[in-house]
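Heads up, the thing below is written out as structure tokens.
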Amino acid sequence: MISKVYLLIAVISLFNQFIYAGESKPVVITLSDIRLTFKLNKNGSPQYTVDFKNQPVIKPSLLGFHINDSTHLDKNFQIIKMDSSMVDVTWKPVWGEVSQIRNHYKQFTVHLIQNAKPSFLINIIFRVFEDGVGFRYEFPLQPHLTYFIVNDELTQFNLTGDHKTFWIPGDYDSNEYEYTTSRLSKVDNSKIKLISFGTRERSEPDKYAVQTPLMMKTDAGLYINIHEAALVNYPSMQLHVNKSAHSLTSDLVPDAIGNKAYLRTPAKTPWRTIIVSDKATDILASKMILNLNEPSTIKNTSWIKPMKYIGVWWELQTGLRSWTYSNHLDSLSEDGELVPHGHHGANTANVKRYIDFASKNDIPGLLVEGWNTGWEEWIFNWNGGHYDFVTPYPDFDVKAIESYAKKKDVQMIMHNETAADASTYDIQMDTAFQFMNKYGYKAVKTGYVGNIIPRGEHHDGQWMINHYIRSIEKASDHHIMIDIHEPVRPTGLSRTYPNFMACEAARGNEWHAFSTGNAVDHETILPFTRLMGGPMDYTPGIFKLRNYAKDHPERQMHSTLAKQLALYVTMYSPLQMAADLPENYEAHMDAFQFIKDVAVDWDDTKIVEAEPGDYITIARKEKGKNNWFVGTITDENSRTSTIPLSFLDAGKKYIAVIYGDGDNANWKNNPEAYKIEKYIVTNSSALKLKLAEGGGAAVSIMPATADQIKQLKVYP
Ligand code: NOJ
Ligand code: CA
């Protein structure tokens with residue numbers, strides 16, 4: 001690790017404000033194009049602003065808390081002391097979009113005391129990066145504040161106008177919504193149908209609250225992303241939109257009785273993050289959120305391996321087979337035996353068929369869902385979990401599958417659907433992970449569909465935040481990689497827990513199986529929103545784009561086949577599913593070659609071009625190899641993407657295999673038309689790729705052999 005730490009280089013005038021009551025002199029911290037200004041205003045309220053290239057991004061915005069019902073920590077503060085430092089360090093993630101990450105920031109901490117009786121202490125730590133600002137609150141150990149309740153966090157983000165905003169509603173339990181693109185002042189959840197399960201409706205979110213990461217674009221062309229980093233022991237932050245003032249206020253997800261958080265000093269909040277640039281590509285390239293997380297707590301990480309996987313899964317999503325073994329609870333015969341209905345997906349023969357396909361096609365992993373008892377009780381009740389995570393259905397031979405997978409060199413991925421019964425999973429987890437160790441499972445996909453138990457808790461509340469982390473830590477104790485479905489959206493914690501490979505927390509490709517699907521521009525927004533916090537298990541790679549859902553011929557993917565391939569590059573994840581059925585891949589093995597070839601771990605990433613809601617083009621270099629993969633996608637409009645290959649090694653010849661949309665392709669009427677072309681390219685080539693409406697292109701670029709150089713044309 002190259003490490004340069006510069007300490008205390010702050011200007012002396014920062015420090016001579018010892019116990020300064022009321023309005024303080026502003027402190028200005030600048031790094032590159034970013035400027036942070038902090039002061040206490042005349043009420044003694046902490047206030048900050050953020051500018052980019054001398055243009056305001058965040059206008060004077062207040063900071064503070066409401067705690068213990070009656071205490072307001074938002075004014076009458078005095079500065080006790082301030083300190084600052086600069087850090088410039090480069091670190092290596094266990095896996096990622098790049099193999100080295102520079103963490104370069106100036107830190108400024110202001111220690112405040114409230115001019116009241118009793119007087120409370122609070123510190124605010126700012127980090128100014130080249131691409132934005134992060135800040136967090138600290139409650140130091142102090143005589144009058146030990147265990148306390150947070151009623152509200154009063155952080156403001158006052159914006160400069162009515163920005164274009166990509167938003168989903170601030171549901172406390174789900175991020176699985178389509179994005180609305182509107183002016184900030186048009187945010188209104190009241191017309192959005194809420195996702196709900198079972199007997200109890202989820203609580204109504206605030207009509208004007210949105211989830212983060214929130215992506216905005218100003219009329220002057222600035223891109224602003226607001227989120228949080230290192231969400232630990234605290235609820236998720238949503239943003240309440242004050243429509244007329246164009247301002248946002250933190251809105252913490254409550255617990256079952258309406259409190260937001262329970263803290264004990266010394267305590268700290270997650271970082272609030274503001275990433276800003278005049279280039280959309282910079283937003284996607286930002287590593288600020290990872291940098292604000294703590295380094296890995298896992299010392300030996302050799303067991304953590306990014307991988308592609310297939311699954312006994314899409315056939316369940318599309319209704320061709322089922323998770324359940326029998327038809328209904330009533331089908332339990334008198335002696336309690338399950339009566340098979342004959343279309344259970346996770347049967348040994350079917351699982352072996354998938355193992356064969358994975359093994360033959362160099363796909364390392366296989367997920368099997370519906371292997372354990374309990375699905376009948378759950379699916380027909382939607383009321384908590386009925387799973388023990390160790391009892392297979394009678395037709396799932398766990399031992400035979402273990403040895404077959406081992407023989408064929410395929411890694412089994414466990415599935416634990418907790419049905420949101422997190423309190424029971426807390427008790428079962430240890431046994432569940434021991435079972436995985438015993439039968440050779442290297443990874444687990446957990447799930448939290450439904451209303452959380454403990455009753456009244458929310459997926460995004462403090463209790464569940466701590467539960468997800470317990471599950472990640474427990475998985476790590478057992479050397480298991482984890483992929484969580486229906487969790488809170490991520491905040492960069494995979495830096496601290498590199499076995500936390502991916503999660504869902506957004507509307508995945510699967511919505512095309514069981515609903516009308518996702519908007520055509522969905523995948524051009526996700527990298528600017530949900531993916532800012534970490535990888536998503538989006539499950540790309542559907543090849544049969546129409547007539548796949550049993551009893552629902554009207555459903556179709558809002559994508560072309562080539563776009564499905566491009567997603568392996570544009571939607572970064574170290575755990576990447578090839579989601580379609582083996583038979584649908586076998587019908588297009590020439591196109592499947594891209595999925596076989598594409599990497600899941602990278603030395604380098606170039607964000608070539610991007611505009612939220614419109615298009616994204618990314619090139620990535622495979623870790624430890626001289627292979628590049630390019631993905632380019634568009635929304636409902638066709639476009640031509642120009643990709644200069646200047647990132648290739650000078651003087652070398654490469655073979656580029658272009659998997660593009662067919663000439664008459666479009667997502668609606670001709671989604672499966674694709675064409676594959678091969679050319680010789682060099683670092684002076686520039687690809688010009690025509691993308692269909694709802695289309696895309698994927699390109700693999702590998703060093704060319706002498707034969708290829710002889711046989712293939714040079715790219716025009
Ligand atoms: C929802 C998950 O997102 C999906 O992938 C899974 O198959 C089902 N829950 C069942 O657990
Ligand atoms: Ca668009």
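As the structure lists them, so they are numbered: ligands from 1, and atoms in each ligand from 1. Computed from a predicted model, the values in this text were never measured in an experiment.
Residue V449 has at least one heavy-atom neighbour below 4.0 Å for each of these atoms of ligand 1: 1 (C), 9 (N). Contact atoms of ligand 1 toward E417: 9 (N), 10 (C), 11 (O) (distance under 4.0 Å to a heavy atom of the residue). Here is the list of ligand 1 atoms found below 4.0 Å of a heavy atom in E510: 1 (C), 2 (C), 3 (O), 4 (C), 5 (O). For ligand 1, the atoms lying closer than 4.0 Å to a non-hydrogen atom of H415 are 11 (O). Near E504, meaning under 4.0 Å from any of its heavy atoms, are these atoms of ligand 1: 3 (O). Residue contact check: Q317 has heavy atoms under 4.0 Å from atoms 4 (C), 5 (O), 6 (C), 7 (O) of ligand 1. The atoms of ligand 1 that sit less than 4.0 Å from any heavy atom of W313 are 4 (C), 5 (O), 6 (C), 7 (O).
Ring-plane geometry between H522 and Y179 is classed as tilted, the angle between the planes lying from 30 to 60 degrees on a 0 to 90 degree scale. The aromatic rings of Y425 and F433 sit tilted relative to each other, their planes meeting at an angle between 30° and 60°.
For the pair R455 and W463, the cation-pi test (distance below 6.0 Å, angle within 45°) is failed.
No salt bridge links E369 with R321; every basic N to acidic carboxylate O contact stays at or beyond 4.0 Å. Electrostatic pairing of R353 and E583 counts as a salt bridge here, judged by a charged N lying under 4.0 Å from a carboxylate O. Salt-bridge check for D580 with K544: failed, with every basic side-chain N at 4.0 Å or more from each acidic carboxylate O.
Compare E486, R507, H485 by their heavy atoms: the one nearest to atom 1 (C) of ligand 1 is in E486. Counting heavy atoms only, K445 comes closest to atom 5 (O) of ligand 1 of the residues E369, E176, K445.
Between W375 and ligand 1 there is a heavy-atom distance shorter than 4.0 Å.
Other residues, nucleotides and ligands contribute more than 12 heavy atoms inside 6.0 Å of the NZ atom of K596.
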